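Notes follow once the structure below has been shown.
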Amino acid sequence: MFQAILIAGFGGQGVLSTGQLLAYAGMLEGRHVAWIPSYGPEMRGGTANCGVTIADRPISSPVVSEPTTLIAMNRPSLEKFEPDVQPGGLILVNSSLIDIKARRTDVRVEYIKANELAEEIGNSKVANNIILGALLEITGVVSIDAVEESLRKVLPAHHHDLIPVNRRALELGRELMREKGTEKR
Amino acid sequence: MFQAILIAGFGGQGVLSTGQLLAYAGMLEGRHVAWIPSYGPEMRGGTANCGVTIADRPISSPVVSEPTTLIAMNRPSLEKFEPDVQPGGLILVNSSLIDIKARRTDVRVEYIKANELAEEIGNSKVANNIILGALLEITGVVSIDAVEESLRKVLPAHHHDLIPVNRRALELGRELMREKGTEKR
Amino acid sequence: MMQKVFTRPRTLKDVPTHYCPGCTHGIVHRLVAEAIDELNVFDRTIGVAPVGCSVFAYNYFDCDMYEASHGRAPAVATGIKRVLPDRVVFTYQGDGDLAAIGTGEVVHAAARGEKITVIFINNAIYAMTGGQMAPTTLIGQKTTTTPYGRDRELNGSPVKICEMLGVLDGAAYIARVSVHNPANVVKAKKAIKRAFEVQMAGHGFTLVEVLSACPTNWGLAPDEALRWLADNMVPYYPLGEYKAPEEI
Amino acid sequence: MMQKVFTRPRTLKDVPTHYCPGCTHGIVHRLVAEAIDELNVFDRTIGVAPVGCSVFAYNYFDCDMYEASHGRAPAVATGIKRVLPDRVVFTYQGDGDLAAIGTGEVVHAAARGEKITVIFINNAIYAMTGGQMAPTTLIGQKTTTTPYGRDRELNGSPVKICEMLGVLDGAAYIARVSVHNPANVVKAKKAIKRAFEVQMAGHGFTLVEVLSACPTNWGLAPDEALRWLADNMVPYYPLGEYKAPEEI
Amino acid sequence: MAKILMKGNEAIGEGAVRAGCRYFFGYPITPQSELPHYLAKRMPQVGGVYLQAESEVATINMVYGAAGAGARVMTSSSGPGISLMQEGISYVVGAELPCVIVNMMRGGPGLGNIAPAQSDYFQATRGGGHGDYRMIVLAPASVQEIIDLMQDAFDLADRYRNPVMLAGDGVLGQMMEPVELGEEKEVRIPPRPWAATGRTGGEKHLINSLYIVPEDLEKHNIRLAAKFAAMEKEEQRWEDYLAADAELVLVAFGTAARVCKAVVDRCRREGKAVGLIRPLTLWPFPVKAFQPLLATAAHFLTVEMSMGQMVEDVRLATRECRPVYFYGRCGGMLPVAGDVYAAVQKILAGGEAK
Amino acid sequence: MAKILMKGNEAIGEGAVRAGCRYFFGYPITPQSELPHYLAKRMPQVGGVYLQAESEVATINMVYGAAGAGARVMTSSSGPGISLMQEGISYVVGAELPCVIVNMMRGGPGLGNIAPAQSDYFQATRGGGHGDYRMIVLAPASVQEIIDLMQDAFDLADRYRNPVMLAGDGVLGQMMEPVELGEEKEVRIPPRPWAATGRTGGEKHLINSLYIVPEDLEKHNIRLAAKFAAMEKEEQRWEDYLAADAELVLVAFGTAARVCKAVVDRCRREGKAVGLIRPLTLWPFPVKAFQPLLATAAHFLTVEMSMGQMVEDVRLATRECRPVYFYGRCGGMLPVAGDVYAAVQKILAGGEAK
Amino acid sequence: MAIARVTFHEERCKGCRLCAVFCPKGIITMSGHINAMGFHPATVSEPEKCTGCATCARMCPDLVIEVEKEAKKVG
Amino acid sequence: MAIARVTFHEERCKGCRLCAVFCPKGIITMSGHINAMGFHPATVSEPEKCTGCATCARMCPDLVIEVEKEAKKVG
Ligand SMILES: Cc1ncc(C[n+]2csc(CCOP(=O)(O)OP(=O)(O)O)c2C)c(N)n1
Ligand SMILES: Cc1ncc(C[n+]2csc(CCOP(=O)(O)OP(=O)(O)O)c2C)c(N)n1
Ligand code: SF4
Ligand code: SF4
Ligand code: SF4
Ligand code: SF4
Ligand code: SF4
Ligand code: SF4
Ligand SMILES: [Mg+2]
Ligand SMILES: [Mg+2]
């Protein structure tokens with residue numbers, strides 16, 4: 001197994017911590033993992049993104065230059081990184097904030113209105129986890145349980161009350177993809 | 001011809017400028033010359049000395065580590081540099097300020113009461129030139145005329161009235177050595 | 001007929017900045033540019049950008065610009081001004097840049113009476129590098145390197161640059177202003193313009209310290225940040241002119 | 001019976017110094033040593049020598065010593081004091097060392113309230129390197145790098161260190177003294193001792209600036225040099241305590 | 001013990017604390033800031049001191065003072081800040097004080113940028129400061145290795161009374177990887193009879209690098225040179241990854257070496273005899289690693305995140321017996337496995353790398 | 001024109017003035033102080049500016065500003081001060097500004113002493129600062145040569161928009177020798193269309209070394225590397241003193257080379273085939289000088305006033321085809337002709353130099 | 001009739017709200033939509049109330065706002 | 001009888017004359033001879049006039065001078 005996931009969005013969208021969560025889960029499942037942030041040239045108020053690699057063998061470069069999956073949380077991220085995705089790869093688009101479509105035809109693209117869905121389940125901050133749930137369902141890179149376990153380790157104790165809603169978000173993302181089946185592949 | 005002359009004394013005794021005078025004269029006579037100061041470890045209120053090399057061929061190192069002639073203007077200088085003089089070389093001792101004798105037997109040693117003599121001819125500041133005169137007489141490294149010419153170039157115009165007394169000092173040094181002949185050699 | 005009463009100054013390029021929302025670096029840029037416009041010296045003004053959040057100032061000011069190494073803008077400005085004494089030279093520096101690593105350079109530019117204008121952005125933090133303590137960080141203020149709050153015993157007290165430079169004979173104009181509300185923005189503009197005037201009159205070194213907000217690293221919304229500035233920084237860093245030549 | 005009323009302090013080694021005849025570095029060394037003796041802290045005192053004529057101070061003070069790089073003695077002292085907070089730490093620095101290259105270090109040691117004592121020898125010259133202009137060289141003073149006399153337009157004005165550091169909150173004791181005559185030597189001694197006391201009481205940063213003579217580079221006889229000091233330096237650099245804690 | 005996920009910069013901090021380091025003097029700079037952030041929190045917990053200095057110049061001189069006072073002490077920076085420390089580093093060597101200096105390299109020259117690079121290799125290995133000196137330079141390639149090497153760094157500094165540099169790059173500092181911290185061991189810091197801590201009844205101590213008499217300084221230089229020679233003899237470290245029988249040997253350290261490993265794997269899968277020497281000490285350069293290879297290897301290819309600096313050392317280590325090619329990316333760009341593979345292909349096919 | 005007697009340090013000053021340099025920013029340090037003293041007097045006479053800065057860090061940044069403003073500008077220092085300039089030098093290179101930097105080398109590391117040395121060779125030739133950069137390093141061996149090289153130094157700096165270093169040692173700075181200054185020529189300073197002097201109606205100019213996008217910085221690095229390659233190709237300079245047929249070739253620069261010349265003379269008088277290569281550029285190292293010698297020379301002996309630094313370059317230049325021996329003195333000690341001769345003897349007799 | 005007009009260069013707005021906070025007339029609000037940079041840009045809700053005091057422009061760090069005023073009213 | 005005694009460690013004297021200049025009794029003069037460092041050392045010409053005020057010692061940069069005083073007279 002070798003998954004190189006690029007998560008990209010605005011600063012403040014929780015992009016970096018979502019990546020860490022994923023890496024942590026990979027580690028818990030005994031994989032080799034690496035996480036690396038990358039600051040765009042526009043350091044301030046600009047884009048934030050991180051690469052997460054989860055693999056069966058030692059990871060050479062932690063830098064994700066050709067992602068197997070791109071999670072695009074805003075429009076500039078989609079525009080910038082879409083061309084880099086490996087053929088046959090996956091692009092998850094947060095269509096709450098992105099009003100354009102991906103142009104690639106050699107990859108699977110899924111649009112998820114993550115912000116709206118998050119507000120529907122009562123917490124606008126779990127948008128990322130809805131998309132993460134979709135990722136898990138499609139790639140099987142780690143289990144939802146491992147992510148929940150990671151949350152337990154990563155979140156400070158006084159935020160553990162947030163774990164159920166996060167779990168719900170993950171599951172919601174999974175459901176969405178399940179409903180779709182694997183039609184496009 | 002190759003003369004490596006070390007002139008050593010206290011700071012303030014005019015040791016450095018005497019060396020420059022000599023080097024200048026050598027240059028005027030068409031020799032290769034080099035002058036170099038050396039500061040002792042005790043930078044302040046300590047010894048000052050300089051090396052002057054005058055030669056027929058290009059000068060390799062300007063540093064005078066084994067002088068053909070040592071001019072010792074004070075006791076510590078004599079004690080420190082006496083051992084370095086080349087066998088067959090020359091040591092000129094300012095016996096006005098040095099109350100000991102040199103120990104070397106393989107070099108020529110001359111004692112000159114330069115300060116007293118300088119005061120006798122009316123200017124205590126020309127002690128160095130008396131010794132310089134002695135050097136010229138013994139080694140013939142440069143002519144008195146060249147030294148006088150150098151004085152003319154080196155001294156600012158308003159000090160040119162000092163040239164005669166300096167000339168007298170040089171000649172006095174020469175006389176002293178002439179009187180002695182070359183007895184010791 | 002409508003007439004423009006407020007528009008972009010000529011000295012600022014018409015490009016978006018990289019600053020965070022509500023960052024007052026943007027306001028101060030505009031004030032400097034307005035002063036240059038009003039003094040009509042755009043063509044002979046040379047600016048020196050620092051290392052800090054305002055590092056890209058060289059992309060925003062439309063005059064000739066230099067990017068200096070961290071803290072050394074006053075030395076760079078000195079080099080420029082000595083070669084081109086008839087130009088108007090300014091530096092734009094943060095509190096890490098000027099009050100920490102660049103202390104020697106700013107003190108001696110002031111002591112020499114170097115005829116330059118220093119715009120000193122005091123936002124009580126190293127913003128660009130991720131919110132570390134600056135020499136001007138307030139006691140008790142939490143930063144990424146004072147996670148338990150700045151402690152006087154460990155880190156000493158915030159440095160007051162205007163007060164310190166004010167004692168130097170070479171300093172001709174020294175003022176501290178703030179941009180936390182419209183009235184103070186107006187005052188800040190006046191001080192900046194005055195500093196340029198004093199430079200051009202050849203009186204010596206000029207510096208305007210601007211108390212400035214860093215919503216991002218302070219962890220506050222922009223308006224909250226301005227309130228925090230007014231409530232906490234202004235009392236510790238009294239506003240006003242610390243030194244000014246009488247003739248102007 | 002005869003009793004010694006004046007003899008070499010224990011903290012000074014019984015060796016000749018390399019200083020020129022009449023150099024007041026020697027007097028100040030003795031005053032520092034006497035203060036250490038009287039406070040009975042010889043055994044737990046650590047000194048930091050600078051780069052300058054007093055570079056060999058490490059050979060004269062008989063306590064543990066460090067030789068710092070040029071200007072950085074306050075940083076070195078900070079490192080020492082943070083590791084050994086119960087020791088008495090002092091630096092001994094010239095005006096080139098402290099007021100030029102070491103400006104940043106001394107300002108920030110003061111700002112941090114570093115509990116050290118700085119003995120600052122202001123002799124208005126870079127002595128060791130051959131008499132170049134120092135930041136404290138007076139206007140009109142000829143040096144090897146101001147052959148036409150220090151010119152305010154070119155070189156700015158002499159820097160007043162006590163006045164400048166006095167504004168910093170971390171500075172607990174700041175005084176300027178002189179050693180140009182016996183009465184002032186006595187006062188200088190008192191100030192130095194007081195600085196050590198304030199350090200030991202944990203109040204913060206302490207500094208004593210000593211106006212000092214460099215007969216060699218001033219080109220004056222020792223007694224003339226002291227007169228020149230009294231006539232020219234004292235008026236520009238007013239003597240007195242610039243800051244002192246009230247309790248002591 | 002369970003693994004945890006840690007940033008390289010934080011691992012440096014934790015590794016230092018576990019190695020008994022209790023004093024950190026620093027000044028912020030990207031891409032190493034997480035290290036001061038970590039230690040600003042952590043040092044007070046273990047009774048240590050984190051102090052932010054006014055500049056890197058002050059930092060290294062505080063380290064000088066603290067090391068002279070007998071502390072295990074460190075500092076950290078990146079390119080521009082390390083350049084500012086050069087005078088101080090030279091003093092630390094001259095006064096024979098142990099300390100650890102971290103350089104998380106970024107793109108240069110000048111302000112350059114904050115992206116990862118390895119272009120301070122010359123500065124680290126040749127001494128960017130004045131005078132005859134050397135220091136051991138350790139180059140980890142993973143977060144776990146950072147933890148392990150920090151202990152070594154402090155021990156080596158003590159053994160030789162010399163600064164030790166840990167040279168990473170932005171990638172290593174910023175990345176998170178799982179690490180096993182292991183049990184916290186009790187640290188034994190060797191006694192420091194030379195430290196100047198106040199006489200307290202004993203002999204006077206002096207921390208100094210001034211030897212005004214040339215004869216004395218020459219003796220000091222010769223004594224230092226003997227230490228450096230001992231380091232060269234004793235402390236060469238490297239990882240040999242399938243190099244023994246390789247026709248082409250890649251030479252790379254840090255992040256570049258990770259990429260090269262992937263290339264070696266791919267080549268080996270394809271039956272190509274390619275291996276890797278990964279220097280763990282950039283100085284002393286692991287010359288010993290190369291001697292046996294001269295019998296088997298036909299080509300060497302250094303892969304660097306610079307315009308080519310280590311390549312000189314490889315030429316010297318191979319005594320110019322074999323061609324040494326160079327492939328590099330710089331300015332914050334990283335070598336990509338595919339490109340390195342292409343360079344390898346070209347050499348094996350008889351062409352040259354760029 | 002008549003010869004005059006001049007100190008090396010003063011010759012630098014006069015050479016600079018004659019090369020059109022009108023701005024000097026400096027900070028006192030032995031053994032180069034006569035240079036600032038000279039220029040403090042001389043600059044005002046020619047309408048130039050001598051400014052004493054508060055530190056070497058400030059100095060090099062003033063140079064940066066003045067160079068950016070289009071001036072011919074220089075600074076000068078010795079070991080410790082040059083170390084403090086490393087960040088600034090890296091910026092000057094990054095922003096592609098021409099200037100001249102003098103290093104009158106003294107004993108190190110640390111405070112060391114004020115006696116002559118050549119131990120900053122690595123720092124000068126490998127770049128003591130961060131990032132990928134190089135600069136031309138000129139090494140005169142006499143006062144006359146200083147005068148001649150100063151003009152070249154400024155011209156080369158302009159040609160490549162890069163700093164040029166003049167590397168001397170205390171001996172060269174302090175000694176007086178006769179020099180012929182020649183006629184004062186009118187200086188033509190090449191136009192500086194890139195200088196940032198205020199727009200005065202023209203385009204905006206920027207003096208900068210920041211390239212935040214790695215792709216851009218890499219491009220910049222590659223462009224700089226092309227300049228450095230051009231320097232390596234075009235600017236190698238050396239003196240060949242009876243090396244063509246020599247069995248043993250001495251390699252030395254500056255003061256050490258003067259001593260070696262005397263040794264060559266003595267050897268030649270005795271019928272021994274000994275010669276000297278004296279690099280005039282320490283970087284680019286005169287590799288070209290060595291290529292023809294590989295046919296004739298059996299041994300090389302570098303003689304340095306350091307613990308051995310140039311020896312690496314000679315090993316590289318000779319491609320390790322011949323043994324390269326080293327003889328050095330350091331800490332302010334000078335090689336003495338007799339000792340070098342003995343080392344030569346030993347090699348010729350089949351033994352080794354120390 | 002309006003004596004003043006404020007124009008927002010919406011694409012430059014970072015939604016910091018400083019203009020809104022300081023407008024003495026309280027007529028600046030944030031739009032519901034997001035601009036290309038991802039911010040809710042500021043806008044004037046009741047333009048007719050605008051006095052052209054330029055307080056908003058003076059507090060805007062991003063030069064989003066231009067202010068025009070009836071000529072005769074200007075100094 | 002002298003109530004005080006000053007002792008000059010002559011070999012340390014650099015002949016700077018500061019002691020002589022500041023002695024309130026004017027009793028310090030410079031010797032005709034030269035010491036090992038090459039200086040004319042200071043000496044007391046009329047020791048009986050010495051009050052033991054130690055002014056000389058206080059101004060001596062080289063710790064050449066020790067001062068003793070009749071015990072009862074001391075504070
Ligand atoms: C020599 C050096 N040290 C450290 C840095 C890293 N650095 C970049 S910006 C900065 C400080 C910025 O703080 P400030 O000057 O207050 O500006 P702000 O970002 O707050 O506007 C630092 C330390 C550097 N670039 N160079
Ligand atoms: C980095 C560095 N720059 C310059 C020098 C040269 N230097 C030695 S002493 C000195 C200044 C001495 O002046 P000051 O501090 O006033 O002491 P003084 O000799 O007057 O007592 C200088 C510039 C140095 N050693 N290191
Ligand atoms: S980090 Fe702070 S100072 Fe920097 S741009 Fe953002 S708000 Fe402004
Ligand atoms: S040069 Fe001046 S400061 Fe230095 S020892 Fe001599 S008199 Fe004292
Ligand atoms: S010009 Fe004045 S009234 Fe009009 S919107 Fe702006 S702040 Fe409000
Ligand atoms: S102040 Fe400017 S950037 Fe901020 S919300 Fe208003 S218009 Fe937008
Ligand atoms: S003790 Fe007083 S009276 Fe006696 S010699 Fe000294 S200064 Fe003169
Ligand atoms: S003051 Fe001291 S050194 Fe000077 S003359 Fe008197 S005894 Fe001698
Ligand atoms: Mg700031
Ligand atoms: Mg001084």
Side-chain angles (χ1 to χ4, degrees), chain D residues 10-11 13 18 36 41-52 54-91 101-112 114 116 128, chain E residues 21-25 27 43 48-75 84-92 94-95 97 99 129-130 192 194-212:
Chain D
R10 191 263 167 271
T11 297
K13 267 202 210 156
H18 69 294
I36 294 169
V41 290
F42 161 75
D43 238 26
R44 59 189 183 95
T45 296
I46 300 174
V48 184
V51 181
S54 50
V55 66
F56 294 118
Y58 61 69
N59 282 333
Y60 308 144
F61 289 105
D62 203 19
C63 50
D64 271 7
M65 293 291 294
Y66 289 62
E67 166 37 47
S69 57
H70 190 34
R72 318 306 175 191
V76 172
T78 298
I80 299 167
K81 187 83 183 196
R82 295 294 174 136
V83 174
L84 302 166
D86 63 339
R87 301 303 197 277
V88 178
V89 178
F90 75 95
T91 73
I101 194 169
T103 305
E105 284 72 17
V106 78
V107 164
H108 286 278
R112 282 193 306 269
E114 222 54 74
I116 60 173
M128 160 162 273
Chain E
C21 172
R22 290 294 177 273
Y23 298 88
F24 180 97
F25 300 92
Y27 189 81
M43 279 298 187
V49 172
Y50 163 86
L51 189 67
Q52 188 173 305
E54 62 272 27
S55 71
E56 293 88 351
V57 170
T59 295
I60 187 70
N61 283 286
M62 290 176 182
V63 166
Y64 178 96
R72 275 211 159 166
V73 56
M74 73 179 290
T75 185
L84 285 173
M85 293 185 192
Q86 292 305 325
E87 188 205 22
I89 293 175
S90 179
Y91 272 75
V92 171
L97 297 175
C99 68
H130 60 286
R192 286 152 148 72
W194 45 263
T197 59
R199 293 182 56 167
T200 57
E203 293 228 309
K204 170 175 166 155
H205 288 149
L206 171 64
I207 305 295
N208 177 40
S209 67
L210 172 60
Y211 294 82
I212 196 73

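Being a predicted model, the structure only gives us computed values, none of them experimental. So that the names make sense, note that chain A is the first sequence line, chain B the second, and so on, each numbered from 1.
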Heavy-atom pairs under 4.5 Å with chain E are the metric here; pick the option from D/Thr78, D/Val88, D/Val41 that has the most.
D/Thr78
Heavy atoms of E/Ala58 and D/Ala75 approach each other most closely as O-CB, 3.7 Å
Can you see which heavy atom on D/Arg72 is nearest to which on E/Glu87, and at what distance?
NE-OE1, 4.3 Å
Interface check, chain E: of D/Lys81, D/Arg87, D/Arg44, most non-hydrogen pairs under 4.5 Å belong to D/Arg87
Please state whether the side chain, the backbone, both or neither of E/Ile60 comes within less than 4.5 Å of a heavy atom of chain D.
neither
Chain D heavy atoms under 4.5 Å from E/Ser55: which part of the residue, side chain, backbone, both or neither?
side chain
Applying a strict 4.5 Å limit to non-hydrogen atoms, the region of D/Ala68 in contact with chain E is backbone
Quick one: CE on E/Met62 to CZ on D/Arg82, what's the gap to the nearest 0.5 Å?
7.5 Å
For the residue pair E/Asn61 and D/Ser69, confirm or rule out a side-chain donor-acceptor distance under 3.5 Å.
yes
Measure the NE2-CD1 distance between D/His18 and E/Ile212 for me, rounded to the nearest 0.5 Å.
9.0 Å
Closest non-hydrogen atom pair, D/Tyr58 against E/Asn208
OH-ND2, 3.3 Å
Please check: side-chain N/O of D/Tyr66 versus main-chain N/O of E/Ala196, any donor-acceptor pairing under 3.5 Å?
yes
Atom pairs and distances, side-chain donor-acceptor, residues 64-72 of chain E, under 3.5 Å, sequence neighbours left out:
unit_1	atom_1	unit_2	atom_2	d
E/Tyr64	OH	D/Glu67	O	2.6
E/Arg72	NE	E/Asp158	OD2	3.3
E/Arg72	NH1	E/Ala19	O	2.7
E/Arg72	NH2	E/Asp155	OD1	2.9
E/Arg72	NH2	E/Asp158	OD2	2.9

E/Leu206 and D/Asp64: CA distance, side-chain angles, deciding distance, side-chain contact (heavy atoms from CB on, under 4.5 Å) verdict
CA-CA 6 Å; E/Leu206 171 64; D/Asp64 271 7; over 6 Å; no
Any idea which of E/Leu51, E/Val63, E/Val73, E/Thr59 has the most non-hydrogen atom pairs under 4.5 angstrom with chain D?
E/Leu51
Without swapping roles, check the side chain of E/Lys204 against the backbone of D/Met65 for a donor-acceptor pair under 3.5 Å.
no
Distance check, rounded to the nearest 0.5 Å: E/Leu210 atom CG versus D/Phe56 atom CZ?
5.0 Å
Applying a strict 4.5 Å limit to non-hydrogen atoms, the region of D/Val51 in contact with chain E is side chain
Under the side-chain contact (heavy atoms from CB on, under 4.5 Å) rule, what do E/Arg199 and D/Asp62 come out as? Steps first, then yes or no, please.
CA-CA 9 Å; E/Arg199 293 182 56 167; D/Asp62 203 19; 3.2 Å; yes
